[in-house]
2 protein chains.
Amino acid sequence: MNDECNGGIETALDIIVGKWKPVILFHLMSNDTLRFSELQRAIPKITKKMLTAQLRELEYHNIVNRKVYAQIPPKVEYSITEYGKGLKPVLLPMHKWGYQHLQHLDQLYGDNRESELKVK
Amino acid sequence: MNDECNGGIETALDIIVGKWKPVILFHLMSNDTLRFSELQRAIPKITKKMLTAQLRELEYHNIVNRKVYAQIPPKVEYSITEYGKGLKPVLLPMHKWGYQHLQHLDQLYGDNRESELKVK
DNA sequence: CGGTATCCGGTCGGATACTG
DNA sequence: CAGTATCCGACCGGATACCG
């Protein structure tokens, strides 16, 4: 971390931040391939607009693959690219830390703090 | 990653995301202790408002410590908490991946793509 | 020195309706 | 089925001025 150029962190954040990107990546990383509608069902509260937008950004950065089947009705499949799999060493520690952090909070304040957290 | 509950990632992101948090953490992690004005000088483009806001959020999550010296003129020192140091295993892979990603892009498109990146 | 207070523009994301 | 298009409110972050 005593390396110059902290910009690497911002670069990584730019790519994985977005209200829905973590969930999307989570599902794609555990499912190999998913259709647009399958993602929609897996993430009920997301709108098509958002799902499309976030997928496009991930696609732009070569994290996910978009495969269009030229047929009617249309069919589009999304999957993590090989390059995108390189994000696992980034996401796993994040997941681990975040999970432990939640436990830590529960242990400090008890288990029913949804409300307080939301209010921030 | 095939663990349920991807919320851990969002929890972690909530804490380390923010336009200036990565830079702030970077400086605090390599300097042990810094005054408000030192941080300001280290990050020239940040405003007091933003520096205060981001520090307060980090403090709220117990990532940084705020030590106020009751004297005139005032003096406030910031440092990473022991708990905050636990973020290193999260930030280091991020930094590494992001840095490699930048290299990856340079290798693909040549070195003068600042412009394109900004336009996105 | 180390902040608040206030204002304000731009962007993010949600709701809804429409389409090939 | 897999998207666009449009509108719109909320919030994020910058500029500036003031304060203990």
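Each chain gets a letter, A, B and so on, in the order its sequence line appears, and its residues count up from 1.
Pairs passing the side-chain hydrogen bond (donor to acceptor under 3.5 Å, both in side chains) check and including a residue from residues 31-51 of chain A, sequence neighbours excluded, do not occur.
Residues passing the side chain to side chain contact (heavy atoms under 4.5 Å, CB included) test with A:E10 are A:N6, B:P22, B:V23, sequence neighbours excluded. Residues forming a side chain to side chain donor-acceptor pair (under 3.5 Å) with B:E77 (at least two apart in sequence, or on another chain): B:Y69. Looking at residues two or more places apart in sequence or on another chain, you find a side chain to side chain donor-acceptor pair (under 3.5 Å) between B:H101 and A:Y83. The side chain to side chain donor-acceptor pair (under 3.5 Å) check on B:E82 picks up B:K85, with sequence neighbours excluded. Taking the side chain to side chain donor-acceptor pair (under 3.5 Å) definition, one finds that B:R66 meets it with B:Y78, sequence neighbours left out.
Taking 4.0 angstrom as the limit, B:R56 places a side-chain polar atom (N or O) nearer than this to OP1 or OP2 of C:dG3. Here B:R41 does not reach the OP1 or OP2 of C:dC1: none of its side-chain N or O atoms lies under 4.0 Å away. Look at A:R35 and you'll find a side-chain N or O under 4.0 angstrom from OP1 or OP2 of D:dA2.
Helix-axis bend for the helix from C:dC1-D:dG20 to C:dG20-D:dC1: the local axis fitted to the five terminal pairs at one end deviates from that at the other end by 50°, rounded to 10°.
The interatomic distance linking A:Y69 (OH) with D:dA2 (P) rounds to 11 Å, in whole Å.
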Would you give a per-nucleotide map of nucleotides 14-20 of chain C, 5' to 3', where B means the base has a protein non-hydrogen atom under 4.0 Å away, S means only the sugar-phosphate does, and - means neither? BB----B
